[in-house]
> 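First the structure, which I've put down as structure tokens, then a few questions once you've had a look.
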Amino acid sequence: MPELPEVETTRSGIAPAILGRRIVAVVVREPRLRWRIAADLPEAVAQQTVRNVRRRAKYLLIDLDRGSLILHLGMSGNLRVMDAQIAPITHDHVDIVLETGQCLRFNDPRRFGSLHFTADDPHDHPLLKRLAPEPLDDDFNGDYLTKVARGRKVTIKQFLMNSHVVVGVGNIYASESLFRAGIRPRRAAGRITKEEMARLATAIKAVLRDAIKAGGTTLRDYVNPEGASGYFRQKLFVYERAGEPCRRCKTPIRQLTQGGRSTYFCPACQR
DNA sequence: ATGGGCACCTGGCTGC
DNA sequence: TGCAGCCAGGTGCCCA
């Protein structure tokens, strides 16, 4: 499911229900996620109060009195706020039960998601420690991209999906950003001009902001914490639109495969 | 350091 | 109806 806008939508959606609330229990029905949930996680977390809900890359950080939960939604995960008494359905792997009688329920069919507890600053956790800048921060810009792309032969599409370059940009928004910036996805990262990199950084920020405003993109199974779909899908220019006319110039959108993932682009608008 | 490929997992769809 | 094959929003790890 989720790229940065979907995780951000999840963050802002769960925050009102859990901020300042005490966790009374963590119910783990299926510990075998991408990494097995630590057996002692529930007791480490129980009776602690939620102090903050943050996002770093595609990770949700739930700060407690002492330590933080680090949660990733993987490809197919979602978090919902609901009454803890409601019977769980298939793939409802974890409940974080609150004093209010509500719970945060983590559903993830493919189990590529993860849940960790750390007693330390979560930014120092091995999974987060070496991540690149946030795309919406000011230090992510054309100059930065130009600098890190120097000499790189990897294609610009795969470069954008590398979490050591920039975080939060996955398969949908990589294609969409390149369309908005007018850049062909197969060009070498090191051969994109300074001016093009400036356009690209601006395009990434714009597409992510627009998608957050629309509540994210629902392709198949993403739902927000209230169970509703995001509606950015209608605003996609190229993703999953192979053969359909470009919204800007009517040329049929093309699809290709890079690193085993589908890429979409307009051969006329992108050079 | 860089780049490429694989692995992890379930479910939905297509075509025979 | 059944089943094989392919595809899907991520990313850590191993190898050359």
> Please confirm whether the shortest side-chain N or O distance from Ser262(A) to OP1 or OP2 of dA8(C) is below 4.0 Å.
yes

> Atom NE2 of His116(A) and atom P of dG12(C): how far apart are they, to the nearest Å?
10 Å

> Any base atoms under 4.0 Å from Arg34(A), or only sugar-phosphate, or nothing? Heavy atoms, all strands.
base

> Under the ring pair (Phe, Tyr, Trp, His ring centres under 6.0 Å) rule, collect the residues that match up with Tyr59(A), sequence neighbours excluded.
His72(A)

> Enumerate donor-acceptor pairs with a distance under 3.5 Å from any side-chain N or O in residues 167-186 of chain A to protein atoms, sequence neighbours excluded.
{"unit_1": "Asn171(A)", "atom_1": "OD1", "unit_2": "Lys157(A)", "atom_2": "NZ", "d": "2.8"}
{"unit_1": "Asn171(A)", "atom_1": "ND2", "unit_2": "Ser262(A)", "atom_2": "O", "d": "3.1"}
{"unit_1": "Tyr173(A)", "atom_1": "OH", "unit_2": "Glu6(A)", "atom_2": "OE2", "d": "2.7"}
{"unit_1": "Tyr173(A)", "atom_1": "OH", "unit_2": "Thr217(A)", "atom_2": "OG1", "d": "2.6"}
{"unit_1": "Ser175(A)", "atom_1": "OG", "unit_2": "Tyr264(A)", "atom_2": "N", "d": "3.2"}
{"unit_1": "Glu176(A)", "atom_1": "OE1", "unit_2": "Phe237(A)", "atom_2": "N", "d": "2.7"}
{"unit_1": "Glu176(A)", "atom_1": "OE2", "unit_2": "Phe237(A)", "atom_2": "N", "d": "3.3"}
{"unit_1": "Glu176(A)", "atom_1": "OE2", "unit_2": "Val238(A)", "atom_2": "N", "d": "2.9"}
{"unit_1": "Glu176(A)", "atom_1": "OE2", "unit_2": "Tyr239(A)", "atom_2": "N", "d": "2.8"}
{"unit_1": "Ser177(A)", "atom_1": "OG", "unit_2": "Tyr173(A)", "atom_2": "O", "d": "2.6"}
{"unit_1": "Arg180(A)", "atom_1": "NH1", "unit_2": "Asp210(A)", "atom_2": "OD2", "d": "3.0"}
{"unit_1": "Arg180(A)", "atom_1": "NH2", "unit_2": "Asp210(A)", "atom_2": "OD2", "d": "3.4"}
{"unit_1": "Arg184(A)", "atom_1": "NE", "unit_2": "Gln270(A)", "atom_2": "O", "d": "2.6"}
{"unit_1": "Arg184(A)", "atom_1": "NH2", "unit_2": "Pro267(A)", "atom_2": "O", "d": "2.7"}

> Let me confirm one number: the CG-CZ distance from Leu236(A) to Arg247(A), rounded to the nearest 0.5 Å.
7.5 Å

> Go through DNA chain B in 5' to 3' direction and return only the first and the last nucleotide with some atom under 4.0 Å of chain A's heavy atoms.
dT2(B) to dG11(B)

> Nearest 0.5 angstrom please: Cys269(A) SG to Lys250(A) NZ, how far?
10.5 Å

> Using a cut-off of less than 4.0 Å, is there contact between a side-chain N or O of Arg130(A) and OP1 or OP2 of dG12(C)?
no

> From OH of Tyr239(A) over to C1' of dG9(C), roughly how many Å is that when rounded to an integer?
6 Å

> Any side-chain N or O of His72(A) under 4.0 Å from OP1/OP2 of dT11(C)?
yes

> Just how far, in rounded Å, is C1' of dG10(C) from CG of Leu128(A)?
15 Å

> Does the side chain of Thr9(A) pick up a donor-acceptor pair with the side chain of Asn224(A) at under 3.5 Å?
no

> Looking at Asp63(A) and Arg51(A), is there a salt bridge between them, counting it only when a charged N and a carboxylate O are closer than 4.0 Å?
no

> With distance as the sole criterion, is a donor-acceptor pair present between the side chains of Gln48(A) and Arg22(A) under 3.5 Å?
no

> Tell me every residue that passes side-chain contact (heavy atoms from CB on, under 4.5 Å) with Asp120(A), counting only those two or more places apart in sequence or in another chain.
Thr118(A)

> Given atom CG of Leu33(A) and atom C1' of dT11(C), what is their separation to the nearest angstrom?
15 Å

> Roughly, in whole Å, what's the span from CG in Leu127(A) to P in dG10(C)?
16 Å

> Under a 3.5 Å cutoff, is there a donor and acceptor pairing between the side chains of Asn78(A) and Asn107(A)?
no

> Identify, residue by residue, the members of residues 142-155 of chain A with a heavy atom below 4.0 Å from DNA chain B, and return them in order of residue number, or none.
Arg152(A), Lys153(A), Val154(A)

> Which whole number of Å gives the distance between the P atom of dC6(B) and that of dC6(C)?
14 Å

> Between dG10(C) atom P and Leu73(A) atom CG, what is the distance in whole Å?
11 Å

> Would you say the side-chain atoms of Asn162(A) and His164(A) include a donor-acceptor pair closer than 3.5 Å?
no

> In this structure, how many angstroms lie between the P atom of dT11(C) and the CE atom of Met161(A), rounded?
8 Å

> Same cluster or not: Ile14(A) versus Val45(A), using hydrophobic residues (I, L, V, M, F, W, Y) connected whenever any side-chain heavy atoms lie under 4.5 Å apart?
yes

> Hey, could you give me the CE/CG distance between Met197(A) and Asp143(A), rounded to the nearest 0.5 Å?
11.0 Å

> Once Watson-Crick and G-U wobble pairs under 3.5 Å are found, how is DNA chain B written in dot-bracket notation, 5' to 3', with | for any base paired to another strand?
.|||||||.|||||||

> Quick check, does Tyr222(A) stack with dG9(C)? I mean ring centres under 5.5 Å and planes off by under 30°.
no

> If you assign Arg110(A) and Phe159(A) each to the DNA chain B nucleotide with the nearest heavy atom, which residue ends up on the more 5' nucleotide?
Phe159(A)

> What is the separation between atom CG on Asp108(A) and atom P on dG9(C), rounded to the nearest whole Å?
15 Å

> Does a side-chain N or O of Tyr59(A) approach OP1 or OP2 of dG12(C) to a distance below 4.0 Å, or not?
yes

